[in-house]
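Structure record follows, encoded as structure tokens.
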Amino acid sequence: MGILPRDFYARNTVEVARDLLGKVLVHGETAGRIVEVEAYLGSGDEAAHSARGLTPRTRVIFGPPGHAYVYLIYGMYECLNIVAEPEGQAGCVLLRALEPLAGIEVMKQRRGNKALCNGPGKLTRALGVTWENYGADLTTGPLRVEDWGYQPGEITVSARIGISVSAELPLRFHISGNPHVSRP
DNA sequence: GAAGTGATATCCT
DNA sequence: GGATATCACTTCG
């Protein structure tokens with residue numbers, strides 16, 4: 001239990017993604033168990049932002065692991081990624097769904113009493129994550145990932161959602177039968 | 001099922 | 001330097 005060490009993130013992106021299931025994302029008063037993630041690699045993954053090259057927007061993905069990569073999509077929604085791989089290697093894990101654990105009342109207020117965390121955009125709104133958290137260190141800051149001793153059950157591997165290229169790659173991981181995933 | 005939203009990247013002048 | 005095409009989604013009809 002406790003905050004995950006940086007070594008946890010300095011590994012193959014797919015391994016990090018799988019191991020993140022069951023861990024807990026904490027931001028201030030709110031916390032949620034990670035139940036669904038997607039892996040985005042560097043080279044060879046056309047769906048990843050990093051595949052378009054190193055830009056001011058994507059530079060964090062190429063930086064040291066254990067940091068947050070937050071980006072604004074479709075004008076209104078932020079998506080939260082966790083940087084993996086050793087520094088210099090591109091790779092990140094997109095958090096798609098959480099199971100709310102703490103600060104649920106706060107989330108309900110922010111979300112208008114609707115579904116809380118079953119989607120990337122909703123997830124960030126519920127936890128209050130914004131692009132101001134871009135580049136935040138997840139091993140030290142108010143935004144962090146902890147191990148609360150949960151053992152994820154069976155893990156389902158499937159294709160990623162909502163993308164147009166490399167969509168057939170089995171890089172989405174979620175906890176089987178969990179009602180909080182974005183798509184059963 | 002369709003539209004809407006704003007930052008980025010990639011063309012154009 | 002300016003315009004437009006793109007986008008890993010959500011909400012509303």
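Just so it is clear: chains get the letters A, B, ... in the order the sequence lines come, proteins before strands, and each one is counted from 1.
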Partner set under side-chain contact (heavy atoms from CB on, under 4.5 Å) for [X], not counting sequence neighbours:
X	result
A/Ala68	A/Val70, A/Leu80, A/Ala136, A/Leu138, A/Leu143
A/Gln109	none
A/Ala31	A/Val24, A/Val26, A/Ala102, A/Trp148
A/Asp137	A/Arg6, A/His67, A/Thr139, A/Thr140

Where does DNA chain C form stems of at least three consecutive Watson-Crick or G-U wobble pairs, each pair having both distances below 3.5 Å?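 Paired runs of 3+ in DNA chain C: B:1-4 with C:9-12, B:6-12 with C:1-7.
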
If you round to the nearest 0.5 Å, how far is [atom2] of [Y] from [atom1] of [X]?
X	Y	atom1	atom2	answer
A/Glu105	A/Arg110	CD	CZ	12.0 Å
A/Arg172	A/Arg160	CZ	CZ	11.5 Å
A/Ile73	A/Thr124	CD1	OG1	11.5 Å

Does anything in residues 82-101 of chain A reach DNA chain C, meaning a heavy atom under 4.0 Å, and if so which residues?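 Residues of residues 82-101 of chain A that come under 4.0 Å of DNA chain C are, in numerical order, A/Leu94, A/Arg96.
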
DNA chain C-proximal residues of residues 11-22 of chain A, any heavy atom under 4.0 Å: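 Of all residues in residues 11-22 of chain A, none places a heavy atom under 4.0 Å from DNA chain C.
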
Taking A/Ser50 for its side chain and A/Leu41 for its backbone only, find out whether a donor-acceptor pair lies under 3.5 Å.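 Confirmed, A/Ser50 side chain pairs with A/Leu41 backbone.
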
Within the 3.5 Å criterion, strictly below it, is a donor on A/Ser176 or A/Thr156 matched to an acceptor on the partner's side chain?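 Yes, a side-chain donor-acceptor pair sits under 3.5 Å.
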
Only counting residues at least two apart or in another chain, list the ones meeting side-chain hydrogen bond (donor to acceptor under 3.5 Å, both in side chains) with A/Asn133.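 Not a single residue meets the side-chain hydrogen bond (donor to acceptor under 3.5 Å, both in side chains) criterion with A/Asn133.
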
A/Glu154 atom CD, neighbour heavy-atom count above 12 within 6.0 Å: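 Counting neighbours around CD of A/Glu154, 12 or fewer heavy atoms of other residues, nucleotides or ligands fall under 6.0 Å, so no.
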
For A/Arg18, is the CZ atom crowded, meaning more than 12 foreign heavy atoms sit under 6.0 Å from it?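 No - once you tally the heavy atoms of other residues, nucleotides and ligands closer than 6.0 Å, there are 12 at most.
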
Could you pick out which residue, A/Arg125 or A/Ser164, lies toward the 5' side of DNA chain C when each is mapped onto its nearest nucleotide?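 Closest to the 5' end, via its nearest nucleotide, is A/Ser164.
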
Show every side-chain hydrogen bond (donor to acceptor under 3.5 Å, both in side chains) that has at least one partner inside residues 75-95 of chain A, sequence neighbours left out.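 Checked against side-chain hydrogen bond (donor to acceptor under 3.5 Å, both in side chains) - neighbours excluded - the pairs reaching residues 75-95 of chain A are A/Thr13-A/Glu85.
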
Per the ring-ring contact (aromatic ring centres under 6.0 Å, His included) rule, what does the pair list look like for residues 9-56 of chain A, sequence neighbours excluded?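 Passing the test, one end in residues 9-56 of chain A: A/His49-A/Tyr71.
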
Provide the start and end nucleotides, 5' to 3', of the part of DNA chain C that has atoms under 4.0 Å from heavy atoms of chain A.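 Using the under 4.0 Å cut-off, the span is C/dC7 to C/dT11.
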
Contact check, side chains of A/Leu98 and A/Arg33, non-hydrogen atoms, under 4.5 Å: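 Result no, sub-4.5 Å side-chain heavy-atom pair not found.
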
Give me, pair by pair, the N or O atoms of the protein and of nucleotides 5-8 of chain B that are less than 3.5 Å apart, along with how far apart they are.
{"from": "B/dT5", "atom 1": "O2", "to": "A/Tyr74", "atom 2": "O", "distance (Å)": "3.1"}
{"from": "B/dG6", "atom 1": "N2", "to": "A/Tyr74", "atom 2": "N", "distance (Å)": "3.4"}
{"from": "B/dG6", "atom 1": "N3", "to": "A/Gly75", "atom 2": "N", "distance (Å)": "3.4"}
{"from": "B/dA7", "atom 1": "O3'", "to": "A/Arg57", "atom 2": "NH1", "distance (Å)": "2.9"}
{"from": "B/dT8", "atom 1": "OP1", "to": "A/Arg57", "atom 2": "NH1", "distance (Å)": "2.9"}

